[in-house]
Amino acid sequence: MRDQNKQLYILLFVLALVVNFAGINIKFFTDDPGLYASISKNLIYRKEFFELFTYNQDWLDKPHFPFWMAMLSFKLFGISVWAYRLPALLFFLLSLLYTWLFTKKHYGENIAWIAVLILATSQHVIMSNTDIRAEPYLMALVIGSIYHISRLEKRFTFRDFLLAALLTACAIMTKGIFVIVAIYGALLGQLIFQKKFTQVFQPKWLFLVLLTLIFTFPEFYALYIQFDLHPEKLIFNKHHVSGIRWFLWDSQFGRFVNSGPITRKSGSIFFYAHTLLWAFAPWCLIFYYAVYKSLKEIWLKQKLVEYYTISGGLLLLLLFSLSGFQLPFYTNILFPLFAVITAPICYKQLSRFGTSYRLIGLWVCIILLPVAILLINYLSGSPHILLFVTECVVFGGVVFVILSRNESPNLKAFFLSCCTVLFANFYLNTIFYNELVDYKGQIKAADYINQPAFDNYRIYSLKTENNVFQFYSKRPVDYTPLSSFNQFKPVSPSVFYVNHKSMDSLILEHADFKVIKAFQNYPQENILPAFIDLKTRSRVLDSVYLITK
């Protein structure tokens with residue numbers, strides 16, 4: 001690698017870290033992070049470790065590992081949004097490390113740098129490092145497991161054996177057993193395509209599965225003591241609910257066939273094909289070309305450098321596509337594998353068609369992303385003019401450095417693509433999201449109820465989706481159903497958080513209540529064009545309320 005290239009890789013890598021960490025202290029503006037942070041906070045308040053609660057009620061939806069990580073961070077640094085995000089961001093760094101190690105092992109240092117930059121600059125990765133759920137954890141755990149398994153396949157070492165089992169177990173305790181489709185599917189594909197069929201039955205793989213099960217024991221124990229030991233509990237409106245059965249079946253295959261206790265409208269088999277166009281931007285078109293090239297070489301019986309990434313990545317992507325339960329962020333866990341698949345195509349010489357396709361795919365984002373950010377900044381009437389100008393100057397300087405280097409058009413387009421994605425997301429993390437949270441009534445309502453005048457009040461929510469309010473409230477929030485509000489008889493002074501739809505229902509039912517205060521609110525999680533435009537923003541706003549009986 002030329003020293004000039006390495007300096008540019010390092011510069012963009014540092015910028016990528018800055019951008020990905022820039023949103024660490026932004027207040028929550030979607031419900032799921034508020035829910036997960038609230039559950040982790042409740043572990044602290046209840047002095048609990050194994051049992052998960054929200055609104056003082058048993059909660060059965062996700063495994064425990066991310067909550068344990070957030071709880072540990074809360075214990076060390078106190079309860080805050082940045083403490084919630086910190087462990088996930090550390091796992092994001094771990095995913096970059098394992099992507100580097102895996103790619104360097106199989107493809108060399110140059111392509112390893114490219115793979116790391118692809119992962120660190122993928123659009124939904126950066127978004128998910130602000131809107132944190134389980135995906136940053138899974139990215140590290142899946143690619144880490146596959147890396148150590150790939151080393152075990154060549155030569156047994158106790159270190160790789162132990163880490164492969166531990167990381168796989170943590171991945172299972174983060175999202176469920178379906179993650180082994182990517183991890184063991186990667187190993188199976190590697191052995192099958194290399195015609196090493198008999199190695200599937202080697203004792204080391206059996207012992208790896210057994211050790212993984214042992215490391216997964218804390219999850220089974222937690223579910224057993226909270227649910228299986230208490231058949232009298234009412235979960236999903238049913239008694240005799242087994243937490244272990246839920247973990248092994250309902251949360252996995254039940255969601256796959258969309259027949260579990262939590263369902264969504266069935267999706268399209270092509271959902272992820274078009275979702276990846278923005279989620280894995282600006283690399284998706286090149287990724288599709290890389291997959292085509294790899295599958296063509298496999299069909300022609302040409303040997304690939306490795307088969308782990310194409311086997312594990314495409315197998316789980318196919319499973320997601322066939323599932324009736326589809327969400328955009330599910331594929332994030334595969335992005336380290338996709339980055340490894342895509343990196344060689346970004347680096348090596350291609351045919352005339354491949355070169356043109358690659359440049360067109362990159363230049364589309366190079367042009368469109370800055371234009372989109374300039375338009376958003378203009379329409380939103382942002383008051384942060386000095387900060388925006390400073391960001392434009394900084395990234396403009398990086399663009400100048402890239403263009404002044406004597407690089408091939410291909411590498412320049414790659415570097416410029418990284419730069420434009422980082423510019424766009426730095427703007428979102430430092431300016432736009434901070435303006436968005438000013439329109440989140442849940443935060444303002446929680447700040448209001450945290451005043452000393454309400455210290456003796458019980459706090460309730462009429463919906464279980466008001467989790468940003470639950471997190472920012474400094475006291476526990478209970479839940480009472482909207483349908484039971486008229487019959488509810490508070491035994492002490494009480495305050496109820498009510499969103500706009502719930503307020504409409506209360507008015508229609510002629511419920512008896514008194515409004516304490518109303519707060520302006522943007523109710524959507526998706527950012528609508530009407531919200532971006534300051535002139536039309538008021539059309540998509542509503543109000544949320546604190547009321548009392």
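Since the model is a prediction, treat every value here as computed from it, not as a measurement. Just so you know, these numbers use all the heavy atoms, side chains as well, and skip hydrogens, waters and symmetry mates.
Side chains of Q123 and N425: a donor-acceptor N/O pair is present below 3.5 angstrom, by distance only. A donor atom on one side chain and an acceptor atom on the other are not found under 3.5 Å apart for T168 and T212. With hydrogens and angles left out, the side-chain atoms of Q470 and S461 include no donor and acceptor closer than 3.5 Å. A side-chain N or O of Y439 and one of R537 form a donor-acceptor pair less than 3.5 Å apart. Looking at D131 and S128, their side chains never bring a donor and an acceptor atom within 3.5 Å of each other. If you check the side chains of D228 and S242, you find a donor sitting under 3.5 Å from an acceptor. With hydrogens and angles left out, the side-chain atoms of Q442 and N521 include no donor and acceptor closer than 3.5 Å.
Rounding to the nearest 0.5 Å gives a distance of 11.0 Å between CG of L96 and CD1 of I143. The CG atom of D533 sits 12.5 Å away from atom CG of L528, with the distance rounded to the nearest 0.5 Å. Atom CH2 of W249 and atom CD1 of I177 lie 9.0 Å apart (nearest 0.5 Å). With rounding to the nearest 0.5 Å, the separation of OG1 in T99 from CE in M139 is 8.0 Å. Remark: T54 OG1 to F471 CZ distance equals 12.5 Å, nearest 0.5 Å. For the atom pair CG of N429 and CD1 of I126, the computed distance is 8.0 Å after rounding to the nearest 0.5 Å.
With Y84 contributing its side chain and I132 its backbone, the two residues share a donor-acceptor pair below 3.5 Å. For the pair S73 (side chain) and M69 (backbone), a donor-acceptor distance under 3.5 Å is absent. Using modelled atom types, no side-chain atom of E435 and backbone atom of F432 make a donor-acceptor pair closer than 3.5 Å. Judged by distance alone, with hydrogens and angles left aside, the side-chain atoms of E525 form a donor-acceptor pair with the main-chain N or O of D31 at under 3.5 Å. Checking side-chain atoms of S80 against main-chain N and O of A83 turns up a donor-acceptor pair under 3.5 Å. A donor-acceptor pair under 3.5 Å is formed between the side chain of N450 and the backbone N or O of K474. Side-chain atoms of K233 do not come within 3.5 Å of backbone N or O of H240 as any donor-acceptor pair. H239 places a side-chain N or O within 3.5 Å of a backbone atom of E232 that can act as its donor or acceptor partner. Panel note: side chain T536, backbone A530; a donor-acceptor pair is recorded below 3.5 Å.
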**Request:** For the pair F217 and Y224, evaluate ring-ring contact (aromatic ring centres under 6.0 Å, His included) and give the outcome as yes or no after the intermediate values.
**Result:** CA-CA 10 Å; F217 176 77; Y224 177 76; 9.5 Å; no
**Request:** Walk me through it: do L248 and F220 pass the test side-chain contact (heavy atoms from CB on, under 4.5 Å)?
**Result:** CA-CA 10 Å; L248 293 175; F220 290 105; 3.9 Å; yes
**Item:** Stepwise side-chain contact (heavy atoms from CB on, under 4.5 Å) test for E48 and M71
**Value:** CA-CA 10 Å; E48 183 56 73; M71 180 197 68; over 6 Å; no
**Item:** Test log, rule ring-ring contact (aromatic ring centres under 6.0 Å, His included), inputs F335 and F280
**Value:** CA-CA 8 Å; F335 282 5; F280 197 50; 4.8 Å; yes
**Request:** Evaluate the side-chain contact (heavy atoms from CB on, under 4.5 Å) criterion for residues I516 and I547: first the C-alpha distance (whole Å), next the side-chain angles of each, then the deciding distance (0.1 Å), finally the verdict.
**Result:** CA-CA 5 Å; I516 298 174; I547 66 174; 5.7 Å; no
**I431 and F426: CA distance, side-chain angles, deciding distance, side-chain contact (heavy atoms from CB on, under 4.5 Å) verdict** = CA-CA 8 Å; I431 296 178; F426 195 59; over 6 Å; no
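In this structure, the side chains of L223 and L60 come closer than 4.5 Å at one or more pairs of heavy atoms. Contact annotation: the side chain of N20 never approaches that of L17 to less than 4.5 Å [non-hydrogen atoms, C-beta and beyond]. Side-chain contact between H64 and E219 is present, with at least one heavy-atom pair separated by less than 4.5 Å. The closest side-chain heavy-atom distance from F519 to K517 is below 4.5 Å. Using a 4.5 Å cut-off on side-chain heavy atoms (C-beta onward), L52 and L43 make contact. Using a 4.5 Å heavy-atom cutoff, the side chains of F13 and V116 are in contact. Between V498 and V544 the shortest side-chain heavy-atom distance does not fall below 4.5 Å. Looking at heavy atoms from C-beta onward, V142 lies out of side-chain contact with Y98 at the 4.5 angstrom threshold.
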Using distance only, find each side-chain donor-acceptor pair of residues 373-380 under 3.5 Å and give its atom names and separation, not counting sequence neighbours.
from: N377; atom 1: OD1; to: Y427; atom 2: OH; distance (Å): 3.1
from: S380; atom 1: OG; to: I376; atom 2: O; distance (Å): 2.8
from: S380; atom 1: OG; to: N377; atom 2: O; distance (Å): 3.3

Cut-off 3.5 Å, no hydrogens considered: what does the side-chain donor-acceptor table look like for residues 384-398, sequence neighbours left out?
from: T390; atom 1: OG1; to: L386; atom 2: O; distance (Å): 2.8
from: E391; atom 1: OE2; to: T430; atom 2: OG1; distance (Å): 2.5

Identify all side-chain donor-acceptor contacts of residues 483-494 below 3.5 Å with residues at least two apart in sequence or on another chain.
from: S494; atom 1: OG; to: S492; atom 2: O; distance (Å): 2.9

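Annotation: side chain to side chain donor-acceptor pair (under 3.5 Å) contacts of K444 (sequence neighbours excluded): none. Contacts of N56 classified as side chain to side chain donor-acceptor pair (under 3.5 Å), with partners at least two apart in sequence or in another chain: R46, D478.
Between F227 and H230, the distance from one ring center to the other does not fall under 6.0 angstrom. The aromatic ring centroids of Y433 and F29 lie less than 6.0 Å from each other. Taking the six-membered ring for Trp and the full ring otherwise, Y460 and Y479 have centroids separated by 6.0 Å or more. Aromatic ring centres of W82 and F21 lie farther apart than the 6.0 Å criterion allows. Here W283 and F338 keep their ring centres 6.0 angstrom or further from each other.
Ring geometry, W278 versus H124: the interplanar angle falls from 30° to 60°, so the pair is classed tilted. Between F469 and Y497, the ring-plane angle classifies as parallel under the 30° and 60° cut-offs.
With respect to the salt-bridge test (charged N to carboxylate O, under 4.0 angstrom), the residues R475 and D455 qualify. K440 has no carboxylate O lying under 4.0 Å from a charged side-chain N of D438, or vice versa, which leaves the two without a salt bridge.
Contacts classified as ring pair (Phe, Tyr, Trp, His ring centres under 6.0 Å) and involving residues 37-58 (residues at least two apart or in different chains) are given here: F49-W68, F50-Y221.
In terms of heavy-atom proximity, F28 sits nearest to V437 at O-CG1, 4.4 Å. Taking both residues in full, the closest heavy atoms of F74 and I79 are given as CD2-CA, 3.8 Å, listed atom of the first, atom of the second, then distance. Here the closest heavy-atom approach between residue L94 and residue A140 is recorded as CB-CB, 3.9 Å. Of all non-hydrogen atoms in H500 and Y545, the two that sit nearest each other are ND1-OH, 4.2 Å.
For K549, the NZ atom is densely surrounded, since the number of other residues' heavy atoms within 6.0 Å is greater than 12.
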